[in-house]
Number of protein chains: 2
Amino acid sequence: MTARTSTETARDIPEATVARLPVYLRALTTLLDEGTTTCSSEDLAGAAGVNSAKLRKDLSYLGSYGTRGVGYDVEYLHFQIAREIGVTHDWPVVIVGIGNLGHALANFSGFRSRGFRVVALLDADPSRHEEQVAGIDVRPFADLGEIVREHGVAIGVIATPAAAAQDVTDAMVASGITSILNFAPAVLAVPPGVDVRKVDLSIELQILAYHEQRKAQGDPADPSEPAEAPEEATA
Amino acid sequence: MTARTSTETARDIPEATVARLPVYLRALTTLLDEGTTTCSSEDLAGAAGVNSAKLRKDLSYLGSYGTRGVGYDVEYLHFQIAREIGVTHDWPVVIVGIGNLGHALANFSGFRSRGFRVVALLDADPSRHEEQVAGIDVRPFADLGEIVREHGVAIGVIATPAAAAQDVTDAMVASGITSILNFAPAVLAVPPGVDVRKVDLSIELQILAYHEQRKAQGDPADPSEPAEAPEEATA
DNA sequence: AGGAGTTTGTGAACGTGAGAACAAAACCGA
DNA sequence: TCGGTTTTGTTCTCACGTTCACAAACTCCT
Ligand SMILES: NC(=O)c1ccc[n+]([C@@H]2O[C@H](COP(=O)([O-])OP(=O)(O)OC[C@H]3O[C@@H](n4cnc5c(N)ncnc54)[C@H](O)[C@@H]3O)[C@@H](O)[C@H]2O)c1
Ligand SMILES: NC(=O)c1ccc[n+]([C@@H]2O[C@H](COP(=O)([O-])OP(=O)(O)OC[C@H]3O[C@@H](n4cnc5c(N)ncnc54)[C@H](O)[C@@H]3O)[C@@H](O)[C@H]2O)c1
């Protein structure tokens with residue numbers, strides 16, 4: 001009990017904090033590009049669009065990487081957050097469903113620059129297999145297992161129609177994938193130990209529509225909207 | 001103070017509930033398509049991938065639309081949720097930035113079927129203005145104000161590079177748009193009264209990577225992962 | 001009509017997250 | 001060396017969200 005266990009990072013970071021770390025990482029990247037070497041929690045919080053107290057608390061879960069009276073070393077903090085998230089090395093990723101969205105994702109340069117590498121594009125439609133997208137061959141969906149084994153893929157992206165999403169999920173899980181990013185509007189069933197995150201355009205728009213309706217429907221001059229406070233923009 | 005104010009739906013629904021209503025709506029659409037006329041909270045919760053107690057509590061914010069001992073009338077509940085969200089009529093939407101992602105969004109059929117109508121595609125690059133995407137002309141970004149006024153647009157979608165996102169935002173706000181869905185990896189500054197939601201692929205992947213790293217790094221056989229419980233899939 | 005069986009709606013307990021406030025720790029200048 | 005200034009790390013409190021558990025309300029069958 002006296003000695004720390006074998007894993008060095010034995011703390012468990014709150015989920016809300018984990019979701020913000022990538023935002024901080026991006027803000028730090030911007031600061032690095034601008035040549036900034038040091039920043040205060042106030043600076044970084046502004047760039048990330050959050051409260052500075054919240055930022056400091058978030059960072060405190062990783063350790064004490066700041067210096068009181070000075071602030072944080074941008075490069076050092078960037079590395080520490082990248083290490084904590086696990087993007088100091090690239091993660092291999094497969095994309096399934098190379099339609100409208102799949103094409104856009106395959107061409108997305110941000111993948112590579114943020115710790116991910118697309119190792120394969122898969123589609124069930126044989127007419128797609130002639131194609132190359134972003135310099136990568138589109139391959140038959142049946143090759144999934146082989147590709148996952150060969151590259152040690154842990155993360156899969158689903159960009160198929162909703163009707164196919166569960167089948168694709170099951171195949172991914174069977175092949176050894178344990179993290180899935182789902183763009184299809186479907187609720188996926190997965191066994192324990194597999195993480196699913198969804199990106200859903202329609203849901204986001206409907207949430208906006210709800211608030212929009214309230215603005216219009218309620219008092220025409222109701223300032224009680226919980227809108228974002230004006231903040232610095234970051235790339 | 002004795003009489004209720006003019007607005008009928010004066011309750012304020014928790015934000016977490018608002019974010020789930022679209023999921024319920026979609027599950028109900030599926031049930032409707034299957035010809036189901038009635039469902040219990042257990043059924044619907046399964047289809048939506050949530051706890052049934054949470055579902056009932058969420059619905060209770062809208063009113064008492066169920067019947068004890070029976071369940072909910074699928075069609076009636078669908079209408080009530082759609083009305084609450086505000087998607088009984090279509091919302092006009094503009095998309096700015098018709099590159100890789102913008103093309104995919106313009107071609108996305110789910111817009112129309114879920115309460116939204118793309119009234120214009122805008123891009124700053126003149127070479128794009130020759131183009132038609134999904135039967136809609138790509139127009140100069142300068143036309144934004146005119147289009148917003150003409151169609152009464154309240155919702156804008158940003159699919160430009162991050163560097164342009166704040167400028168686009170400012171122009172949108174100036175033209176009268178009060179809800180923005182942002183796909184660019186940038187923190188946007190907006191005045192009070194304007195809502196911003198972001199969709200960020202890189203952040204989602206990095207969150208997955210964090211958990212993935214934990215699975216691998218910690219004990220190789222650690223079942224303490226807070227993974228999704230197996231649930232029914234829905235279209 | 002009445003009792004058994006179902007399922008909703010909600011009060012209460014619990015857990016997580018946000019923000020204010022401040023002591024501790026560093027730097028700086030004389 | 002020492003007081004003043006700055007900024008972090010942390011504690012405390014409040015608000016929000018989740019889940020349990022159960023009374024109220026409804027149906028169905030006898
Ligand atoms: N296009 C968008 O902007 C957008 C936005 C949000 C969500 N989505 C969702 O993303 C998904 C894809 O959208 P899209 O517009 O690219 O659709 P799409 O029809 O253009 O592409 C789907 C692709 O998936 C492939 N596919 C179908 N079944 C498959 C299977 N079992 N295994 C492998 N591949 C399979 C098809 O061959 C096709 O190439 C849909 O679920 C859609 O609702 C799209
Ligand atoms: N491609 C993807 O799958 C993907 C995924 C996630 C996020 N994103 C983000 O979405 C955004 C767009 O990505 P993309 O791949 O489509 O990029 P892209 O370069 O293909 O398209 C950007 C488009 O925006 C236009 N544009 C630039 N400045 C503009 C301005 N000031 N006003 C109006 N239009 C302007 C350009 O002319 C271009 O057509 C980027 O911020 C990217 O990071 C893309």
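Every chain is numbered from 1 and lettered A, B, ... according to where its sequence line falls, protein lines coming before strand lines.
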Could you check how far CG of B:Leu59 sits from C1' of D:dT18, rounded to whole Å?
15 Å

Per B:Glu15 side chain, nearest of listed nucleotides C:dT8, D:dG9, D:dG17:
D:dG17

Expressed as a whole number of angstroms, how long is the span from A:Tyr24:OH to D:dT8:P?
13 Å

Distance check needed: D:dT7 P versus A:Leu55 CG, whole Å only.
14 Å

Examine distances only and state if a side-chain atom of A:Gln166 and a backbone atom of A:Ala189 form a donor-acceptor pair shorter than 3.5 Å.
yes

I'd like to check the ring pair (Phe, Tyr, Trp, His ring centres under 6.0 Å) partners of A:Phe79; sequence neighbours left out, ordered by chain and number.
none

Could you state the CG-C1' distance from B:Asp73 to D:dC26, rounded to the nearest angstrom?
15 Å

Taking only side-chain nitrogens and oxygens of B:Ser40, does any of them come within less than 4.0 Å of OP1 or OP2 of C:dT7?
no

Tell me the interatomic distance from B:Asp12, atom CG, to D:dG17, atom P, rounded to whole angstroms.
10 Å

Is a donor on one side and an acceptor on the other found under 3.5 Å between the side chain of B:Thr169 and the backbone of B:Ala165?
yes

Within the 4.5 Å heavy-atom criterion, are B:Phe116 and B:Ile155 side-chain neighbours or not?
yes

d(CG, A:Asp43; C1', D:dT6) in whole Å
13 Å

Any sub-3.5 Å donor-acceptor pair from B:Ser40's side-chain atoms to B:Asp43's backbone N or O?
yes

Distances for protein N or O near nucleotides 18-26 of chain C N or O, under 3.5 Å:
{"from": "C:dA18", "atom 1": "OP1", "to": "A:Arg20", "atom 2": "NH1", "distance (Å)": "3.0"}
{"from": "C:dA18", "atom 1": "OP2", "to": "A:Arg20", "atom 2": "NH2", "distance (Å)": "3.1"}
{"from": "C:dG19", "atom 1": "OP2", "to": "A:Lys54", "atom 2": "NZ", "distance (Å)": "3.2"}
{"from": "C:dG19", "atom 1": "O6", "to": "A:Lys57", "atom 2": "NZ", "distance (Å)": "2.5"}
{"from": "C:dA24", "atom 1": "N3", "to": "A:Arg68", "atom 2": "NH1", "distance (Å)": "2.7"}

Should B:Ser41 be listed as having a side-chain N or O under 4.0 Å from OP1 or OP2 of C:dT7?
no

Listed by chain and number, what are the salt bridge (charged side-chain N to carboxylate O under 4.0 Å, His left out) partners of B:Arg68, not counting sequence neighbours?
none

Does a donor on one side chain and an acceptor on the other come within less than 3.5 Å for A:Asp73 and A:Thr38?
no

It should be established whether B:Tyr61 places a side-chain nitrogen or oxygen under 4.0 Å from OP1 or OP2 of nucleotide D:dC16.
no

Separation of C:dT16 atom P from A:Ile13 atom CD1, nearest Å, is 15 Å

